[in-house]
Amino acid sequence: MTSTSTARKIAFLMAVTALFAIMFTACSNARKPQPSVEVKNPVTEVKSFESIKNALGFDMVVLPEELAYSPVQFHIINKEMAEVRYENADKSADVWLRQKKGKEDISGIYGVSYEEENVNNISVNKGRYDNTDDGAPILVGWFYDDAFSYSASATGLDNAGFEEILKAMTSKGK
């Protein structure tokens with residue numbers, strides 16, 4: 001065997017060894033377990049208006065009995081916002097009310113063009129979201145006063161029914 005032939009064989013073996021080393025390193029890095037990232041749910045379900053008051057320190061706006069909606073779910077979101085879901089007697093309409101300290105849109109419905117409207121001498125931003133999976137529109141309204149932001153969203157209601165919800169919310173304490 002010539003020295004050129006031996007040198008080629010050695011170079012070939014070194015190249016193959018290097019290739020295996022690179023492959024082994026790449027494969028071993030790909031299999032390292034990654035730390036799990038757990039995102040905590042910001043929504044906590046509670047049992048009542050009293051639970052909301054105890055957790056957040058304020059009374060939640062409520063719909064009056066004459067509107068014939070019953071509260072069916074109570075939530076606290078991010079330890080700072082109250083949310084209550086109401087439904088009517090035949091369960092054909094859902095209304096979600098939210099309340100939080102501060103002055104901002106807390107509706108959680110994005111991509112809505114709002115129009116400002118006066119309801120009980122309060123400037124309310126009203127809109128409609130039509131891009132839902134089931135095709136049913138969501139009516140949305142939000143406003144704020146000196147201490148709180150409020151929002152209402154509803155499915156299964158016409159504009160007149162939603163207006164009654166907003167009138168009830170804006171007349172709180174009047």
Side-chain angles (χ1 to χ4, degrees), residues 35-174:
S36 66
V37 177
E38 185 179 328
V39 178
K40 293 206 174 221
N41 186 349
V43 180
T44 303
E45 188 163 353
V46 295
K47 299 288 182 195
S48 65
F49 287 108
E50 185 177 340
S51 299
I52 288 172
K53 183 176 183 174
N54 290 340
L56 299 178
F58 59 79
D59 288 313
M60 175 78 182
V61 64
V62 297
L63 294 181
E65 287 182 23
E66 60 265 16
L67 289 182
Y69 285 87
S70 299
V72 293
Q73 288 182 319
F74 302 86
H75 298 120
I76 296 172
I77 303 171
N78 288 328
K79 299 179 182 177
E80 63 184 6
M81 181 167 36
E83 177 183 75
V84 177
R85 182 175 74 89
Y86 289 82
E87 60 186 20
N88 61 356
D90 67 1
K91 299 182 188 212
S92 63
D94 282 317
V95 176
W96 295 85
L97 301 187
R98 287 181 168 189
Q99 183 176 336
K100 174 184 171 183
K101 292 179 182 175
K103 296 180 178 183
E104 60 188 297
D105 175 2
I106 59 170
S107 68
I109 310 291
Y110 304 102
V112 176
S113 294
Y114 291 101
E115 291 185 19
E116 201 170 305
E117 186 176 306
N118 186 317
V119 179
N120 288 331
N121 294 318
I122 294 177
S123 179
V124 176
N125 298 283
K126 288 176 58 177
R128 176 183 166 124
Y129 183 75
D130 290 310
N131 194 17
T132 61
D133 291 338
D134 63 3
I138 301 172
L139 301 176
V140 185
W142 64 272
F143 63 97
Y144 55 83
D145 61 19
D146 291 336
F148 296 101
S149 295
Y150 306 89
S151 76
S153 55
T155 58
L157 284 181
D158 60 11
N159 287 331
F162 190 62
E163 187 73 20
E164 290 301 314
I165 300 295
L166 294 175
K167 284 180 182 175
M169 289 179 70
T170 56
S171 67
K172 66 199 175 326
K174 288 186 180 181

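Only this structure's heavy atoms are used, side chains among them; waters, hydrogens and symmetry mates stay out. None of the values given here were measured: they were computed from a predicted structure.
T155 places none of its side-chain heavy atoms less than 4.5 Å from the side chain of T132. Side chains of T170 and V124 form a contact here, defined as non-hydrogen atoms less than 4.5 Å apart.
Annotation: the span from W142 atom CH2 to S123 atom OG amounts to 8.5 Å, rounded to 0.5 Å. With values rounded to the nearest 0.5 angstrom, L56 atom CG is found 10.5 Å from S51 atom OG. From S171, atom OG reaches atom CG of N121 across 11.5 Å, with rounding to the nearest 0.5 Å. The CG atom of L139 sits 9.0 Å away from the OG atom of S153 when rounded to the nearest 0.5 Å. Residue D94 holds its CG atom at 9.0 Å from CG of L157, rounded to the nearest 0.5 Å. Note that CD1 of I122 is 12.0 Å distant from OH of Y144, once rounded to the nearest 0.5 Å.
Under the side chain to side chain contact (heavy atoms under 4.5 Å, CB included) test applied with S107, the options Y150, Y114, W96 reduce to a single match, Y114. For the side chain to side chain donor-acceptor pair (under 3.5 Å) with K126, the qualifying choice from E163, E115, E116 is E163, the only one to do so.
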Name every donor-acceptor pair, under 3.5 Å, that has one atom in a side chain of residues 60-78 and the other anywhere in the protein, sequence neighbours excluded.
unit_1 : atom_1 : unit_2 : atom_2 : d
Q73    : OE1    : R85    : NE     : 3.0
H75    : ND1    : E83    : OE1    : 3.0

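Residues A93 and N88 approach most closely at N-OD1, 3.1 Å, considering heavy atoms. Nearest heavy atoms, I106 versus M81: CB-SD, 3.7 Å. For D146 against K103, the heavy-atom pair with the smallest separation is O-CE, 3.9 Å. K101 approaches F148 most closely through the heavy-atom pair CG-CE2, 3.5 Å. Nearest heavy atoms, Y129 versus G111: CD1-O, 4.3 Å. Residues S151 and M169 come closest through the heavy atom pair O-CE, 3.6 Å.
In this structure a side-chain-to-backbone donor-acceptor pair under 3.5 Å is present from Q99 to D59. The backbone N or O of A136 lies less than 3.5 Å from a partner atom in the side chain of D134, making a donor-acceptor pair.
Around CD of E45, the count of heavy atoms belonging to other residues, nucleotides or ligands within 6.0 Å exceeds 12.
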| request: Could you walk me through whether L97 and I165 pass side-chain contact (heavy atoms from CB on, under 4.5 Å), step by step? | output: CA-CA 10 Å; L97 301 187; I165 300 295; 4.2 Å; yes
